[in-house]
Amino acid sequence: MKILLAVLPHFQNTSFTVAHLGNACISAYLKKYLPEDQIKTIDLRTFEDLKNVWTSKDLPQMTYLNMYVSDIYDLPFIANIIKKYEEKKDIEHILKLDYEVIETWAKERGFYPPLIQEKLYQANITMLKYIELFKDYDVIGLSLYTSNFYLSVLASIFIKIKYPNTKIVFGGSQITQGDTSREILIKSELADFIVIGEGEEPMLQIIKNLKSNSPSEDVIGVKTKNNFDRLDTFSQSANLEELPIPDYDDIDFSLFNPSVIPIYSNRGCPFRCHFCSEHSLFGKKFKRRSPQKVLEDMKLLSKKYKISEFTIADSLINSSEQWLEEFTEILNQEKEKFLWGGYFRAEMSDILINNMKKAGLNSAILGVESFSQETLDNMNKRKINNETLSTIRALIENNIHAFVNIFTGYPEEKEEDFQDTYRISNELFDEFKAKNKAQYYHITARSFQLRPFSNIYNDYDKFGLDVESWSKYYNEKYYPDYFKNIFEITLCSFKIKKLPLFKIQNRIMTMKKLKKLK
């Protein structure tokens, strides 16, 4: 059996795109247990002429009228192209979306409709150019995210038309966290299977069942049209100590920015910040690998691919200080030296950071969010601001690049809270500039995002949000009948009751004046 694991543009920002860890893990697992089968991975994000077609830049999170929910930004286009596909299984028929659909979406977001129409058409014909890459496979697995939803649906339509015997499996965060995303793919029959949660074991069982002509409805984490109305199950059975090392044999690391190898030390997140949905990606159980196992992977991968720099692609590396101390210690004892980085909570001691620098840490992405203690408390960050400042200073002192992520417009953020964040951000820059270390201090500023499965999303009224679904967009002329319910229950935009949109926009404009962003 021939199996392809693919990811379409534009998962991840084009300025920071690394190889796909999820597909590498599944590929390694399938190769271990299905040695007689052909397993291949392909990452279309590296294709030059696909880098500028229908990207996340075309999907605004905020306009002068609305803030949009971080779920399905382009739902009308997805629904319209599925409608055209169901009307006529003909590629020419679906290459151009209905102009009225484009016009309504574009005008509300301040775009010139003919420009969006042309951009979507170019995306369609460019994607069609590469459809031969999906030829002759028995099973194709597609990783779905908010930002690649449209192109993934488009690819699956082309596959269904040109290669109707191929089975399509959808997985990824948009599947795990998106109830209506699953409904779209199953009811349109673009997905033969969807996988909720970890992908290794469900994918293996789907392939085994296809070989034996057996159903997969009872496999934990798998949904089909036959069991879609049953209670969802969640795949979380993988023993992280026993999983094989990620398989990047089909990957050219030079095509990514940066050219690093993604690895992992855990799955999940033990924290429950109100705005965040990371904890829902791998279920209620937080799982961690031993430091020794992570180091073993680093050594094997470095030897195999001749790269000694890694990104630890966990939601959070330092969920356990004891684990991180042990990991740092064994790295320092190792003769072979590696560079590494990843996501951290900003609550690490000076001694630990000093030891991590010796162990090869060269970058740390910090979920700081705010320099206001009151805002941090409202976010349920369970973090003390003084610890945050101490952590940033210790990283900079050790010449470790600190990428400080902050956002404004949190539902309970007051003006003085925002001003604290702005002031401290600039003070830190001045402090590091005086020490000739400003090059290690990086600020990323954005607006608050409402994400499915976050505490705020699940109880938006409690957090002071007014929300609006996509229902006003629905028109039976342009969308399948079953999309009416999807448009009614899928959230499109939101407003914060106690924080007018113009104030959030003013704060974002102010944040753009931060000294480090100039």
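It should be emphasised that the depicted structure is a prediction, and the values quoted were computed from it without experimental measurement.
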Counting C-beta onward and ignoring hydrogens, is there a side-chain heavy-atom pair between F371 and L389 closer than 4.5 Å? yes
Does some side-chain heavy atom of E325 sit less than 4.5 Å from a side-chain heavy atom of E329? no
If I compare all heavy atoms of L151 with all of L8, which pair ends up nearest, and what's the gap? O-CG, 4.1 Å
Over all heavy atoms of both residues, which pair between I245 and A28 is shortest? Give the atoms and the distance, please. O-CB, 3.1 Å
Please round to the nearest 0.5 Å and tell me the distance separating atom CE of M348 and atom CD of E387. 11.0 Å
Salt bridge between D136 and K2, side-chain N to carboxylate O under 4.0 Å? no
Is the number of heavy atoms from other residues, nucleotides or ligands within 6.0 Å of NZ (K135) greater than 12? no
For the residue pair W340 and F344, categorise the inter-ring angle as parallel (less than 30°), tilted (30 to 60°) or perpendicular (more than 60°). tilted
N385 side chain reached by I424 side chain, heavy atoms, under 4.5 Å: yes
Which pairs with one or both residues in residues 334-359 pass salt bridge (charged side-chain N to carboxylate O under 4.0 Å, His left out), sequence neighbours excluded? K299-E334, R345-E347
Does the Lys NZ or Arg CZ of R267 fall within the cation-pi geometry relative to Y264 - under 6.0 Å from the ring centre and within 45° of the axis? yes
Flag side-chain contact, heavy atom, 4.5 Å: D297 against R289: yes
Measuring only between side-chain heavy atoms, which start at C-beta, is K383 closer than 4.5 Å to T388? yes
Compare all side-chain heavy atoms of W323 with those of T328 and state whether any distance is below 4.5 angstrom. no
Does I384 have more than 12 heavy atoms from other residues, nucleotides or ligands lying within 6.0 Å of its CD1? no
Heavy-atom closest pair, residues S27 and L5: N-CD1, 3.6 Å
Identify, with sequence neighbours excluded, every residue that meets ring pair (Phe, Tyr, Trp, His ring centres under 6.0 Å) alongside F494. F448
For the OH atom on Y460, are there more than 12 heavy atoms of other groups (residues, nucleotides or ligands in this structure) within a distance under 6.0 Å? no
Run the side-chain hydrogen bond (donor to acceptor under 3.5 Å, both in side chains) test on D314 and S265 for me, step by step, so that the C-alpha distance in whole Å, both residues' side-chain angles and the decisive distance to 0.1 Å come before the verdict. CA-CA 7 Å; D314 303 339; S265 73; 2.3 Å; yes
For atom CD of Q322, decide whether the heavy atoms of other residues, nucleotides or ligands shown that lie under 6.0 angstrom number more than 12. no
Give a yes or no on whether the ring-centroid distance for Y145 and F149 is below 6.0 angstrom. no
Looking only at the side chains, is there a donor atom on one of Q177 and S280 sitting less than 3.5 Å from an acceptor on the other? yes
Do the side chain of Q236 and the main chain of F282 share a donor and acceptor less than 3.5 angstrom apart? yes
Donor-acceptor pair, distance only, cut-off 3.5 Å: does the side chain of S143 make one with the backbone of G172? no
Quick one, M298 with L301, criterion side-chain contact (heavy atoms from CB on, under 4.5 Å). Give me CA distance, side-chain angles, the key distance, then yes/no. CA-CA 5 Å; M298 293 172 79; L301 288 166; over 6 Å; no
Salt bridge present between D71 and R451 (N-O < 4.0 angstrom): no
Do F338 and L295 make a side-chain contact, defined as non-hydrogen atoms from C-beta onward lying under 4.5 Å apart? yes
Is any NZ, NE, NH1 or NH2 atom of the basic residue among E397 and K435 found under 4.0 Å from an Asp or Glu carboxylate oxygen of the other? yes
Go through the side-chain N and O atoms of D417 and S372 and say whether any donor and acceptor fall under 3.5 Å apart. yes
If we ignore angles and hydrogens, is there a donor and acceptor under 3.5 Å between the side chains of S147 and Y150? no
Stepwise side-chain hydrogen bond (donor to acceptor under 3.5 Å, both in side chains) test for D43 and Y248: CA-CA 11 Å; D43 194 327; Y248 294 107; over 6 Å; no
Does G197 offer a backbone N or O that forms a donor-acceptor pair with the side chain of T176 under 3.5 Å? yes
Donor + acceptor pair across side chains of Q174, T146 (<3.5 Å): yes
Donor-acceptor side-chain pairing of W54 and D74 below 3.5 angstrom: yes
salt_bridge(E427, R423) N-O dist < 4.0 Å: yes
What heavy-atom pair brings A445 and M511 nearest, and what distance separates the two atoms? CB-CE, 3.8 Å
Please check: side-chain N/O of N209 versus main-chain N/O of Q205, any donor-acceptor pairing under 3.5 Å? yes
So, do Y130 and F47 have ring centers that fall under 6.0 Å from each other? yes
Is E198 paired with K287 through a side-chain N to carboxylate O contact shorter than 4.0 Å? yes
Name each donor-acceptor pair under 3.5 Å that joins a side chain in residues 362-369 to protein atoms two or more places apart or in another chain, with its distance.
from	atom 1	to	atom 2	distance (Å)
N362	ND2	E309	OE2	3.2
E369	OE2	K381	NZ	2.8

Test side-chain contact (heavy atoms from CB on, under 4.5 Å) applied to K437 and N399, step by step: CA-CA 7 Å; K437 289 180 178 287; N399 296 341; 2.5 Å; yes
Aromatic centroids of F271 and H279 separated by under 6.0 Å: no
Determine, step by step, whether Y440 and N398 satisfy the side-chain hydrogen bond (donor to acceptor under 3.5 Å, both in side chains) criterion, reporting the C-alpha distance in whole Å, the side-chain angles of both residues, the deciding distance to 0.1 Å, and the verdict. CA-CA 9 Å; Y440 297 106; N398 282 277; over 6 Å; no
So S290 and E241, side-chain hydrogen bond (donor to acceptor under 3.5 Å, both in side chains) or not? Walk me through it. CA-CA 7 Å; S290 67; E241 290 293 285; 3.0 Å; yes
Residues in ring pair (Phe, Tyr, Trp, His ring centres under 6.0 Å) with F429, at least two apart? none
Quick one: closest heavy-atom pair of I251 and F256, and the distance? CG2-CE1, 3.5 Å
Identify each donor-acceptor pair in which a side-chain atom of residues 403-413 lies under 3.5 Å from a protein atom, sequence neighbours left out, and give them as a table.
from	atom 1	to	atom 2	distance (Å)
T408	OG1	E413	OE1	2.8
Y410	OH	N378	O	3.2
E413	OE1	G409	N	2.9
E413	OE1	R507	NH1	2.8

Check whether any side-chain N or O of N266 sits under 3.5 Å from a backbone N or O of F286 as a donor-acceptor pair, and report yes or no. no
Residues R288 and S319: side-chain donor-acceptor under 3.5 angstrom: yes
Look at atom CG of N52 and say whether more than 12 heavy atoms of other residues, nucleotides or ligands are closer to it than 6.0 Å. no
C269 and S315: which non-hydrogen atoms are nearest, and at how many Å? CB-CB, 4.4 Å
Verify whether one side chain among D247 and Y29 offers a donor that lies under 3.5 Å from an acceptor in the other. no
Value for CD1 (I186) from NZ (K223), rounded to nearest 0.5 Å, stands at 8.5 Å
With a 4.5 Å heavy-atom cut-off, do F193 and V139 have their side chains touching? no
Tell me if the CG atom of L210 is crowded by more than 12 foreign heavy atoms within 6.0 Å. yes
By side chain to side chain contact (heavy atoms under 4.5 Å, CB included), which residues pair with D37, not counting sequence neighbours? M1, I3, L34, I39, I207, K211
